[in-house]
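Have a look at the structure below before the remarks.
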Amino acid sequence: NAGVTQTPKFQVLKTGQSMTLQCAQDMNHEYMSWYRQDPGMGLRLIHYSVGAGITDQGEVPNGYNVSRSTTEDFPLRLLSAAPSQTSVYFCASSYWTGTGENEKLFFGSGTQLSVL
Amino acid sequence: AQSVAQPEDQVNVAEGNPLTVKCTYSVSGNPYLFWYVQYPNRGLQFLLKYITGDNLVKGSYGFEAEFNKSQTSFHLKKPSALVSDSALYFCAVREKSGGYNKLIFGAGTRLAVHP
């Protein structure tokens with residue numbers, strides 16, 4: 001199994017450009033999420049999904065869109081990139097047991113994004 | 001809202017010595033607490049979790065964590081540090097929101113183990 005795969009690993013954008021960060025998992029996990037990691041701030045949740053067609057906002061959703069059309073894929077879209085979105089982005093997934101016990105997350109290796 | 005705090009940006013320890021990485025929490029209700037580790041250029045990896053029961057939780061790579069309700073702490077420990085333990089360590093707490101659970105992470109503590 002590949003686990004959680006993120007592409008690209010690195011990306012440089014100009015302010016105002018849009019792009020999609022890809023995330024795919026092959027573990028049949030219902031729960032998928034996106035975090036951004038900034039120095040001194042840990043990881044902050046952007047959006048998450050508990051199954052195909054179901055998404056919700058996390059702590060810092062502004063400027064980002066998500067959709068979940070399949071169990072495997074959970075892309076993150078930057079609508080109009082801003083320098084404040086320069087960060088390392090991580091996708092994570094886990095099983096959804098129905099009781100809420102979804103806390104063992106499996107992380108991808110990250111996408112380092114720079115917005116100039 | 002639930003939160004965790006990691007009071008040390010960096011912890012330095014000599015190889016072979018015991019190590020402690022500190023975490024304190026603020027929750028309403030019973031806490032569900034976790035430790036994750038991040039090696040360079042990698043995603044986070046689950047180490048261990050506390051849900052209920054024994055206050056000493058054992059996890060991967062020889063790590064353990066001690067839950068202390070009176071001090072609202074969940075410190076990560078290892079009896080004998082290895083150079084390969086050098087990494088970024090994150091404490092996290094589960095928060096229930098709208099019927100779903102999500103993890104709230106601390107800012108992280110960098111552990112440096114010196115030969």
Side-chain angles (χ1 to χ4, degrees), chain A residues 2-7 9-10 21 23-25 27 29-51 54-61 68 88-112, chain B residues 1-10 21-25 27 29-53 57 59-60 65 74 87-110:
Chain A
V4 180
T5 303
Q6 289 184 239
T7 57
K9 291 189 181 301
F10 302 94
L21 278 63
C23 176
Q25 53 88 12
M27 297 173 281
H29 286 167
E30 298 92 342
Y31 181 90
M32 297 185 74
S33 55
W34 278 101
Y35 285 87
R36 58 177 289 172
Q37 182 179 26
D38 301 293
M41 302 187 74
L43 280 79
R44 292 180 291 169
L45 182 64
I46 304 172
H47 285 285
Y48 64 97
S49 169
V50 297
I54 306 171
T55 64
D56 204 352
Q57 296 180 350
E59 303 168 74
V60 288
R68 185 95 178 268
V88 181
Y89 291 84
F90 287 100
C91 179
S93 71
S94 71
Y95 291 106
W96 174 252
T97 64
T99 61
E101 302 302 318
N102 66 340
E103 47 267 31
K104 183 177 179 179
L105 292 172
F106 293 80
F107 282 80
S109 58
T111 295
Q112 190 167 320
Chain B
Q2 324 287 48
S3 66
V4 289
Q6 295 181 244
E8 301 156 317
D9 291 335
Q10 179 153 334
V21 182
K22 295 180 180 177
C23 173
T24 58
Y25 65 87
V27 303
N30 294 322
Y32 284 28
L33 298 161
F34 309 85
W35 278 101
Y36 282 78
V37 59
Q38 184 181 28
Y39 297 104
N41 301 313
R42 302 285 298 276
L44 278 69
Q45 297 178 32
F46 172 84
L47 273 180
L48 51 82
K49 67 180 180 181
Y50 172 83
I51 303 297
T52 186
V57 180
S60 305
F74 188 56
L88 193 55
Y89 290 81
F90 290 95
C91 183
V93 62
R94 189 183 78 178
E95 178 176 89
K96 187 177 286 291
S97 174
Y100 304 115
N101 293 327
K102 53 189 177 185
L103 283 187
I104 306 299
F105 287 87
T109 298
R110 187 166 300 281

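Owing to the predicted nature of the structure, the values given are computational and were not obtained by experimental measurement. Throughout, a chain's letter reflects where its sequence line sits, starting with A, and its residues are numbered from 1.
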message: Using heavy-atom distances under 4.5 Å, tell me whether Asp9(B) contacts chain A through its side chain, its backbone, both, or neither.
response: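 Contact with chain A is absent: no heavy atom of Asp9(B) under 4.5 Å.
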
message: Report which part of Gln6(B) has an atom under 4.5 Å of a heavy atom belonging to chain A: side chain, backbone, both, or neither.
response: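 When you check distances to chain A, no heavy atom of Gln6(B) falls under 4.5 Å.
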
field: CZ/Arg44(A): more than 12 non-hydrogen atoms of other groups inside 6.0 Å
entry: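 Enclosed.
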
- request: Not counting sequence neighbours, which residues clear side-chain hydrogen bond (donor to acceptor under 3.5 Å, both in side chains) with Gln2(B)? List them please.
  value: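 Scan of Gln2(B) (side-chain hydrogen bond (donor to acceptor under 3.5 Å, both in side chains), adjacent residues dropped) gives none.
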
- prompt: Considering residues at least two apart in sequence or located in another chain, which fulfil the side-chain hydrogen bond (donor to acceptor under 3.5 Å, both in side chains) criterion with Ser49(A)?
  reply: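 Only Arg68(A) meet the side-chain hydrogen bond (donor to acceptor under 3.5 Å, both in side chains) criterion with Ser49(A).
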
Distance-minimising heavy-atom pair for Ala107(B) and Gly40(A):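 So the minimum-distance heavy-atom pair works out to CB-O, 3.4 Å.
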
- request: Taking all non-hydrogen atoms of both residues into account, name the closest pair between Phe90(B) and Gln37(A) and its distance.
  value: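 The pair with the smallest heavy-atom distance is CZ-NE2, 3.2 Å.
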
Which portion of Gln112(A) sits near chain B, non-hydrogen atoms under 4.5 angstrom: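 Neither; nothing under 4.5 Å.
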
- prompt: At a heavy-atom separation under 4.5 Å, does Leu43(A) approach chain B through its side chain, its backbone, both, or neither?
  reply: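 For Leu43(A), heavy atoms of backbone and side chain both lie under 4.5 Å from chain B.
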
query: Looking at CZ of Phe107(A) and CZ of Phe46(B), how far apart are the two atoms once the value is rounded to the nearest 0.5 Å?
result: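 Phe107(A) atom CZ to Phe46(B) atom CZ measures 11.5 Å (nearest 0.5 Å).
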
- request: Could you tell me the separation between the CG atom of Leu105(A) and the CZ atom of Phe34(B), rounded to the nearest 0.5 Å?
  value: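 These two atoms lie 8.5 Å from each other.
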
message: Has Tyr35(A) got a side-chain atom pairing as donor or acceptor with Phe105(B)'s backbone, closer than 3.5 angstrom?
response: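 No, the answer is negative, given that no donor and acceptor are paired below the 3.5 Å cut-off.
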
